[in-house]
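Below you'll find the structure, written out as structure tokens, and then a few comments.
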Amino acid sequence: MQRTGVVFVGCGFVADSYRQCLGLHEGLRLVGVFDRDPERLAAYAGYWGDRAYRSLDEALAEPEAGIVVNLTSVECHFEVTRAALRAGRHVYTEKPLALTRAQAALLRDEAKAAGRRIAAAPCNLLGESAQTLWRAVREGRIGTPRLVYAEIDDGMVHKAAYRHWISRSGRPWPARDEFEIGCTFEHAGYALTLLAAMFGPARRVTAFAKLIAPDKGTRPPLAHPAPDFSVGLIEFDDGVVARLTNSIVAPYDHRFRVIGDDGCLEICELWDYASPVRWRRPATSRLARFAERRFGGFPPAKLSPARKCPLPRGRGRPTMDFLRGVAELAQAIRDDRPCRLDADFAVHVAEVTERLQHPERFPPGGAVDSAFAPISPMPWA
Ligand SMILES: NC(=O)c1ccc[n+]([C@@H]2O[C@H](COP(=O)([O-])OP(=O)(O)OC[C@H]3O[C@@H](n4cnc5c(N)ncnc54)[C@H](O)[C@@H]3O)[C@@H](O)[C@H]2O)c1
């Protein structure tokens, strides 16, 4: 099998999750890693036994690097992705592609001009659970889809023991960055990518975002705490509307529900590729409405997954295959076909995310500028 060489830039918290998924991908070969923090680089490379580069230039000049995987902090995504493009590399970047639509579009244009590819995380859209739900929508299981309720409430993170969240190679969870970038920039993509794949480009966004708990227990206090709550109404073609909530204050809830004329499809955990997809008929009879009111309804049917999720289960193991997007990009380059998470798609997701986190920058209900070509489902779905 042909294997694509990849280089990781950024050896922080998430880099361990990527590294743990490497064994799932015969088509990828990790050639080396780099981090601008020498201690972090040594800890990561030492733990995993990987080759460490001495500089970003050396990493980007690696002749065997088919793809550079940008796992740096969010505020560095733009400069690192641009440097990699200028070094002639294809890039897969952690989300978001950039912090503004304008910067995201600049990267896309630069990549196109250079004949290079960019793709961006998250890639849970390519997961078994998301593909099963999407297939059920396509097959008309709920009739015409009308409404989506997507929640990415992550619990009251600042009251949790986040100082003790440590990755496999010893990196503490970067709390300050997370609180200053904001949960919407960090998380909205997990729902937006699936929405956009199913319903096409968002047409209009009406959003509200607010900082609800300014003191997150950090010492010193945060200089620029970001909104920790946002809610957006996103309108798609054919009248489909999605309400997406992001927070790190409300109780943990990662449900994704698609409501159609003939029922509701539900994933309980967007961050688990093996999360079952459930289907519920609308409660119309007296008995069904009574059951819904008193017990949450009759038990839903569990749909058979489009394919068995290959991720091994167990404590400390990721529930998402973080490298699936990189593998998709590598395969798309080898096959000379569009990548399902390509640059236009990533720019669109970045734009909608910016509109959700910074509604003050846009008119309410404002039209979304960016668009992308239709995305095809995975061949096994
Ligand atoms: N923390 C999570 O649970 C999580 C989960 C999914 C995705 N992500 C995403 O992963 C990305 C990284 O997050 P993280 O949690 O690993 O952060 P982190 O702070 O733990 O790691 C980022 C690493 O990048 C390095 N870095 C920054 N700028 C660099 C540069 N110019 N050159 C080389 N190295 C550089 C830093 O030194 C640091 O070690 C973010 O985009 C985040 O949204 C994080």
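Bear in mind that the values here come from a model prediction, so they are computed numbers and not experimental data. Every number for a ligand or one of its atoms is a count from 1 in the order of the listing.
- Among protein heavy atoms, the minimum distance from atom 21 (O) of ligand 1 is reached at Gly12 CA, 3.2 Å.
- If you number the atoms of ligand 1 from 1 as listed, the ones under 4.0 Å from a heavy atom of His77 come out as 40 (C), 41 (O).
- Contact of the Leu24 side chain with the Leu323 side chain is not registered, since no non-hydrogen atoms from C-beta on lie closer than 4.5 Å.
- Counting only heavy atoms of the protein, atom 43 (O) of ligand 1 lies nearest to Glu186 OE1, 2.6 Å.
- Side chains of Leu341 and Leu126 form a contact here, defined as non-hydrogen atoms less than 4.5 Å apart.
- Of the protein's heavy atoms, Pro174 CG, 3.5 Å lies nearest to atom 17 (O) of ligand 1.
- Applying the salt bridge (Lys or Arg N to Asp or Glu O under 4.0 Å) test between Glu62 and each of Arg89, Arg54, Arg51 identifies Arg51 as the sole match.
- Ring-centre distance between Phe34 and Tyr53: not below the 6.0 Å cut-off.
- For atom 13 (O) of ligand 1, the nearest non-hydrogen atom of the protein is Val14 CG1, 4.3 Å.
- Numbered from 1 in the order shown, with element, the atoms of ligand 1 that lie under 4.0 Å from a heavy atom of Phe34 read 33 (C).
- Polar contact with ligand 1: present for Phe13 (N/O pair, distance under 3.5 Å).
- Between Arg40 and ligand 1, no pair of N/O atoms sits closer than 3.5 Å.
- Using modelled atom types, one finds a donor on one side chain and an acceptor on the other under 3.5 Å when comparing Tyr18 with Glu94.
- The nearest protein atom to atom 31 (N) of ligand 1, hydrogens excluded, is given as Val80 CG2, 3.4 Å; this is a heavy-atom distance.
- Residue Cys76 approaches ligand 1 through these ligand atoms, each under 4.0 Å from one of its heavy atoms: 27 (C), 28 (N).
- Trp48 and Tyr44 have tilted rings, their planes meeting at an angle from 30° to 60° on a 0 to 90° scale.
- Using a 4.5 Å heavy-atom cutoff, the side chains of Asp153 and Asn246 are not in contact.
- Looking only at heavy atoms of the protein, atom 9 (C) of ligand 1 is closest to Glu94 OE1, 3.5 Å.
- In this structure, Val148 and Arg257 have side chains that are not in contact, with every pair of non-hydrogen atoms separated by 4.5 Å or more.
- For the pair Arg171 and Trp173, the cation-pi criterion (under 6.0 Å, within 45° of the ring axis) is not fulfilled.
- Of the possible donor and acceptor atoms, one in the side chain of Gln131 sits under 3.5 Å from a partner among the backbone N and O of Met378.
- Scanning the protein for heavy atoms near atom 24 (O) of ligand 1, the closest one is Thr72 CA, 3.4 Å.
- Near Val74, meaning under 4.0 Å from one of its heavy atoms, ligand 1 places the atoms 40 (C), 41 (O), 43 (O).
- Within the listing of ligand 1, atoms 33 (C) sit less than 4.0 angstrom from a heavy atom of Val9.
- Residue contacts with ligand 1 for Ser73 involve both N, CA, C or O and side-chain atoms from C-beta outward (heavy atoms, distance under 4.0 Å).
- Partner of Tyr190 under the ring pair (Phe, Tyr, Trp, His ring centres under 6.0 Å) criterion, out of Tyr273, Phe185, Trp271: Trp271 alone.
- When heavy-atom distances to ligand 1 are checked against a 4.0 Å cut-off, Tyr190 comes that close only through its side chain, counted from C-beta outward.
- Per-residue contacts place Gly10 under 4.0 angstrom from the following atoms of ligand 1 (heavy atoms of the residue considered): 24 (O).
- Closest heavy-atom approach to atom 38 (C) of ligand 1 among the candidates Asn70, Leu71, Asp35: Asp35.
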### Trace of the ring pair (Phe, Tyr, Trp, His ring centres under 6.0 Å) decision for His254 with Tyr252
CA-CA 7 Å; His254 284 187; Tyr252 193 99; 4.1 Å; yes
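- The single protein non-hydrogen atom nearest to atom 33 (C) of ligand 1 is Arg36 N, 3.3 Å, given as residue, atom name and distance.
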